[in-house]
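Okay, structure first, notes after.
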Protein chains: 2
Amino acid sequence: METTWAHQLREAGLRVTRPRLSVLDVLAARPHADAETIVTGARAQHPTLSPQTVYGVLEALVSVGLARRIEPAGAPALFELRVGDNHHHLVCRSCGAVADVDCAVGAAPCLTPSDAAGFVVDEAEVVFWGSCGACQAKAAAQSVQFEEHEIREGASA
Amino acid sequence: METTWAHQLREAGLRVTRPRLSVLDVLAARPHADAETIVTGARAQHPTLSPQTVYGVLEALVSVGLARRIEPAGAPALFELRVGDNHHHLVCRSCGAVADVDCAVGAAPCLTPSDAAGFVVDEAEVVFWGSCGACQAKAAAQSVQFEEHEIREGASA
DNA sequence: GCTGTTCATTTGACTAGTTCAAAACAACGG
DNA sequence: CCGTTGTTTTGAACTAGTCAAATGAACAGC
């Protein structure tokens, strides 16, 4: 990524503007940011930036392929700069944390459903749901507390 | 599915109520219905049914495992009765149509990301994005129209 | 069959996240 | 430096879904 943001924007046919550069900076620093996080982050460089502008910038970036939008069920949309490498995501059920996973099996793993029912498939999106390291630790600590509580209260198993 | 809805509800520890039976009927008839469709459909049997009630019923059904909630990016949530068989979905980018696909490769195909980054994964969700048969036909018809238009207008390729 | 408890539905207001439209503004080719 | 055209801004609106309090219905026990 040695070519500058400005260069990449121009290559994509977009004008180089301050909101766009700020949003790109935030996305580079936080790989899976939601719109609100991006607004807050980008205001460090551009304090008057409005949410609507960020939505506009993100839509522009996504439409030219500089960014990608991911929408885990039940959470606001997230944006990332890693595009074109067909990777997937791990999502934590309790805290919403997202991590990247490289393609699970071979080159385009799930791109061939067994029966496409007349559909022409152009992308396979995989989301792995589970619990992140931090939330596992938290849950373990909680269950210890519960046990202690049961003992103190005299509740039986 | 020869056991009645009433029976299944009771087995799951839920009371048998008219809204629940109506919602189950609609879901059986339309395998991937959104909340609004379900409200409209269920009103055939229960005209005074409110959206909030349907949300409540759906949450109850999902929580006991009688229904499953799927949320394709950019569309309202859909609900289906087919549960516990780890199947996936084809989603049409233009019209939002959804079709079921049986698990692509073997038993639990994508359930093992190459590097889980400390996550404990409990489910892999796969969405195949593409174009359904109807929308392919529509797009083909459109492109023919455009060609004719270009010829009439004298626009060159 | 009747009664009471508990769960479900109803009603109503409310929120988050996102989109739309019109006007002011800024990038960049000439 | 100027004009065009694409961006940002401002403001409002919209959709899908959630929350809470009050009414009502299901079903276990009698």
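Residue numbering restarts at 1 for every chain, and letters A, B, ... go by the order of the sequence lines.
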query: What residues form a ring pair (Phe, Tyr, Trp, His ring centres under 6.0 Å) with A:His32, not counting sequence neighbours?
result: A:His89
Donor-acceptor list for residues 21-30 of chain A side chains, cut-off 3.5 Å, not counting sequence neighbours:
from: A:Ser22; atom 1: OG; to: A:Arg18; atom 2: O; distance (Å): 2.9
from: A:Asp25; atom 1: OD1; to: A:Trp5; atom 2: NE1; distance (Å): 2.9
from: A:Asp25; atom 1: OD2; to: A:Gln45; atom 2: NE2; distance (Å): 3.1

- request: Mark up nucleotides 21-30 of chain D, 5' to 3', with B wherever a protein heavy atom is under 4.0 angstrom from a base atom, S wherever such an atom reaches only the sugar-phosphate, and - elsewhere.
  value: ----BBS---
- request: Provide, to the nearest angstrom, the distance between the CZ atom belonging to B:Arg20 and the P atom belonging to C:dT10.
  value: 11 Å
Got a donor-acceptor contact below 3.5 angstrom from the [X] side chain to the [Y] backbone?
X	Y	result
B:Arg10	B:Val16	no
B:Glu80	B:Ile70	no
B:Arg20	B:Arg15	yes

- prompt: Hey, any chance B:Val98 and A:Val120 share a hydrophobic cluster, counting ILVMFWY side chains that come within less than 4.5 Å of each other, even indirectly?
  reply: no
side-chain hydrogen bond (donor to acceptor under 3.5 Å, both in side chains) against A:Glu125, all qualifying residues, sequence neighbours excluded: B:Trp129
query: Using a heavy-atom distance cut-off of less than 4.0 Å, which residues of residues 40-71 of chain B contact DNA chain D?
result: B:Gln52, B:Tyr55, B:Arg69
Any pair counted as side chain to side chain donor-acceptor pair (under 3.5 Å), so long as it reaches residues 55-66 of chain A, sequence neighbours left out: none
